[in-house]
There are 2 protein chains.
Amino acid sequence: MKILQAIIRNYLETGEPVGSRTISKYTDLNLSSATIRNEMADLEEMGYILQPHTSAGRIPSDAGYRLYVDLMMAEKEREVEEMKEVLLEKEDRLDNLLKQTAKLLAVNTNYATMISAPSLYHNKLKFLQLSRVEKNQLLAVIVIEGNVIKNTILDVDEVLTDETLLKLNILLNTHLNGMAVEEINLPLITALKRQAGIHSEIISEVIDAVAEAIKADDNLEIYTSGANNIFKYPELADHQRASELINTFEEKKELTELVKETLAEENQTGIQVYIGKESPLENMDDCSIVTATYELGEGMKGTIGIIGPKRMDYDKVVDNLKNVMRQLDAVYRKD
Amino acid sequence: MKILQAIIRNYLETGEPVGSRTISKYTDLNLSSATIRNEMADLEEMGYILQPHTSAGRIPSDAGYRLYVDLMMAEKEREVEEMKEVLLEKEDRLDNLLKQTAKLLAVNTNYATMISAPSLYHNKLKFLQLSRVEKNQLLAVIVIEGNVIKNTILDVDEVLTDETLLKLNILLNTHLNGMAVEEINLPLITALKRQAGIHSEIISEVIDAVAEAIKADDNLEIYTSGANNIFKYPELADHQRASELINTFEEKKELTELVKETLAEENQTGIQVYIGKESPLENMDDCSIVTATYELGEGMKGTIGIIGPKRMDYDKVVDNLKNVMRQLDAVYRKD
DNA sequence: TGTTAGCACTCAAAAGAAGAGAGTGCTAAT
DNA sequence: ATTAGCACTCTCTTCTTTTGAGTGCTAACA
């Protein structure tokens, strides 16, 4: 077991297959290379390590990494964490805070990072207002708990009087204010439309637009950083792979899959590790992904992901993630 | 001259140094390779082509490309343009329209693209409203010509009465509505503050925030697409270069330089070509950049850039750009 | 005078050959 | 159980050879 750890540790650092002699010399096990070789043969039979070719050293298999990671996570559980503060500065806008977070993590870990904007489903509408901008254009402003602001411009067919507009505003506010985003569903909308009477057409348009505005963004707001870090790891940097990875980061569409998967699968710490093929993303067989679910205030959950080679420094990554999660929380409370 | 064109055309396609035999066989000039060789020697002396090594074919020098591009642009001037429509769909939000544009160009040209959000300096404020969201939080919504919407949340110290808020709104609207963004400068702000009387503190905060909101974004809103296209061109795809390029696209900071440069340097068509070292960007010695200045409505100017290898298909790129510019204009008018 | 055939020459890139060395598995001894 | 010793394997590096596309120059030709 110690030997497996030693092999993996060494491989994490160097990225080169590691031989029996190296282990024998650079650990405090005081075993000769021959002994190590015997053990290695066993470990290989058990499927934890493998040989790229007969006369090369060993590298960890996915199963080997898995064992190692599980072990480490268990240790972390007990460990009292103490870390130098990595600093997130206060930001008045959520998107900037998230961008900053992604970048910070990328710089500190040397891996590629992503962060999804928190889901707003459980959040309540705090403020809602329709204003006329042009004769037949309305501006709808919606503020959601956490000071997330959404706007839409609506084109309306008929010209609205000031009075009508006022009525509409009152109607909308009475019914929607304080309501959670997830509660704005079809029955509610239908009910509202009925109450609107002559203005039902407008109401219909408005509400649909509001629902749209909230949900549309919710799918896709993902910020990434440090994509070019992949070039630091030869095993990811060949054209084929690099191109695919860069594309995934640019498109971001696939990353939403990762977000969904992560949010679905709850565990105690909120941190999950996907090694190689375990990953929910395509073309990531040679990568590992560490994800964390962060929470801002009540129920605003989002996902942070760190993507690097399988031989990433899991220990450091997990520490960084935990640290950032704590800070995100702190910064948010200050706002 | 015909020979230079032939050499460049061939090199654009293949990316390989081109020899005399190739030219002699695959053009309708009906000249033997020996003749071509003589001409080539002359062209080399004039500095339009060069030899990677003695026993290789020739590749165009920057000067060669320049000559070729100038020639082509002059021809384009006269040419009646006729192109299949590349379709931009109507989008109610400007940012989505721009993202779509970038992506479309990237897919059609197979190069990396960027597009900057139009500058709003000459645009007028169309709508401005302060609302109370919490006891001591104000929401400022600003709509600018072209339906660009900005919001800021302001923390205020004292709690404002409804009446004060109303007054503030009136004051702000009377003075700022219809004003161009560039006109909101220090003297104006000072004048306003004076008029505000007891509320001068708030006014001060509000106006500063408004100015901030408008200008802050103005610097940096750049959308990119197709960064991974660079892997399609071996001369750009080695680790060093690729990493730098990808970084430039991700950071976007440097790209603002390009935008400024382009907007400053006016020419008739609005299209500019930077070859190799001519580029205003660092680390782009092996790239060419074609930029265009687009205009949405009155004075909302922005920049589109296409970045590829020096042997990019300038012809196709220019056509695509012109086409997209025309469509951007059309789509915008529809809005 | 412009064009072309012919030929010797150059040089990068591909192919082949040789050697080094890191690492292994197995056996026999401690 | 552990280890020293040894033959064996196979990649990687280095060096050499071969190949071939392309050149420049000269001499002949229209």
Side-chain angles (χ1 to χ4, degrees), chain A residues 1-61 64 233-235 237-239 286 311, chain B residues 1-61 64 233-235 237-239 286 311:
Chain A
M1 195 59 0
K2 296 245 175 195
I3 294 180
L4 179 57
Q5 271 202 352
I7 294 173
I8 296 186
R9 287 243 174 75
N10 194 290
Y11 184 70
L12 292 190
E13 273 177 39
T14 64
E16 301 283 312
V18 18
S20 53
R21 189 128 188 290
T22 318
I23 299 294
S24 136
K25 276 192 103 167
Y26 299 100
T27 57
D28 41 5
L29 295 171
N30 272 1
L31 291 174
S32 81
S33 59
T35 317
I36 308 285
R37 279 205 287 286
N38 288 330
E39 296 289 333
M40 276 176 157
D42 294 352
L43 284 171
E44 184 161 7
E45 208 169 339
M46 290 190 275
Y48 293 128
I49 55 179
L50 34 87
Q51 253 179 321
H53 56 262
T54 1
S55 71
R58 308 302 218 286
I59 62 175
S61 69
Y233 309 97
E235 64 265 48
D238 72 293
H239 293 185
D286 302 302
R311 62 179 176 97
Chain B
M1 198 58 359
K2 296 245 176 195
I3 294 180
L4 179 58
Q5 272 203 353
I7 295 172
I8 297 186
R9 288 242 174 75
N10 194 290
Y11 184 69
L12 292 190
E13 273 178 39
T14 64
E16 301 283 312
V18 19
S20 52
R21 191 126 188 293
T22 316
I23 299 294
S24 138
K25 277 192 100 167
Y26 299 99
T27 58
D28 41 7
L29 294 170
N30 272 3
L31 290 175
S32 81
S33 61
T35 317
I36 307 285
R37 278 204 288 286
N38 287 329
E39 297 289 335
M40 276 176 158
D42 294 351
L43 284 171
E44 184 161 10
E45 209 169 339
M46 291 191 274
Y48 292 128
I49 54 180
L50 33 86
Q51 254 178 320
H53 56 263
T54 359
S55 69
R58 307 304 216 287
I59 63 176
S61 69
Y233 310 97
E235 64 266 49
D238 72 294
H239 292 185
D286 302 303
R311 63 179 175 95

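Chain A is the first sequence line, chain B the second, and so forth, proteins listed ahead of strands; every chain is numbered from 1.
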* To do: Encode nucleotides 23-30 of chain D as B, S and - characters from 5' to 3', where the letter depends on protein heavy atoms closer than 4.0 Å: B to the base, S only to sugar-phosphate, - to neither.
  => BBB-----

* Structure fact -> Rounded to whole Å, the CG-C1' distance (B/Asp42 to C/dT3) equals 14 Å

* A/Ile36 CD1 - C/dG23 P separation (whole Å) -> 13 Å

* Pairwise distance OG1(A/Thr35) to CG(A/Leu29) - rounded to 0.5 angstrom -> 10.5 Å

* Structure fact -> Residues B/Tyr11 and B/Pro60: closest non-hydrogen pair is CD2-CD, 3.4 Å

* Asked: What closest approach, in Å, do B/Arg311 and B/Pro234 show between heavy atoms, and which atom pair accounts for it?
  -> NH2-CD, 3.9 Å

Review item, nucleotides 18-20 of chain C N/O atoms under 3.5 Å of protein N/O:
none

* To do: Rounded off to whole Å, could you give me the CD1-to-P distance for the A/Ile49 and C/dG23 pair?
  => 14 Å

* To do: For B/Thr14, check side chain to side chain donor-acceptor pair (under 3.5 Å) against everything at least two apart and list the hits.
  => none

* Asked: Whole Å only: how far is the NE2 atom of A/His53 from the P atom of D/dT9?
  -> 14 Å

* Could you name each residue pair satisfying salt bridge (Lys or Arg N to Asp or Glu O under 4.0 Å) that touches residues 8-17 of chain A, not counting sequence neighbours? => none

* Structure fact -> Rounded to whole Å, CG of A/Leu29 lies from P of D/dT3 at a distance of 11 Å

* Could you grab the distance from atom CD1 of A/Ile23 to atom CG of A/Leu4, nearest 0.5 Å is fine? => 9.5 Å

Give the table of side-chain donor-acceptor pairs shorter than 3.5 Å for residues 38-49 of chain A, with sequence neighbours excluded, one pair per line with atom names and distance.
unit_1	atom_1	unit_2	atom_2	d
A/Glu44	OE1	A/Arg58	NE	2.9
A/Glu44	OE1	A/Arg58	NH2	2.8

* Structure fact -> Residue pairs passing the side-chain hydrogen bond (donor to acceptor under 3.5 Å, both in side chains) test with at least one member in residues 19-29 of chain A, sequence neighbours excluded, are A/Ser20-A/Arg37

* Asked: In whole angstroms, how far is the C1' atom of D/dT11 from the CD atom of A/Glu16?
  -> 12 Å

* **Residue whose nearest DNA chain C nucleotide is more 5′ - B/Asn30 or B/Pro52** => B/Asn30

* Taking NZ from B/Lys25 and P from D/dA21, how many angstroms apart are they, rounded to a whole number? -> 11 Å

* Starting at CD1 of B/Ile7, measure out to CG of B/Leu12 and round the result to the nearest 0.5 Å. => 11.5 Å

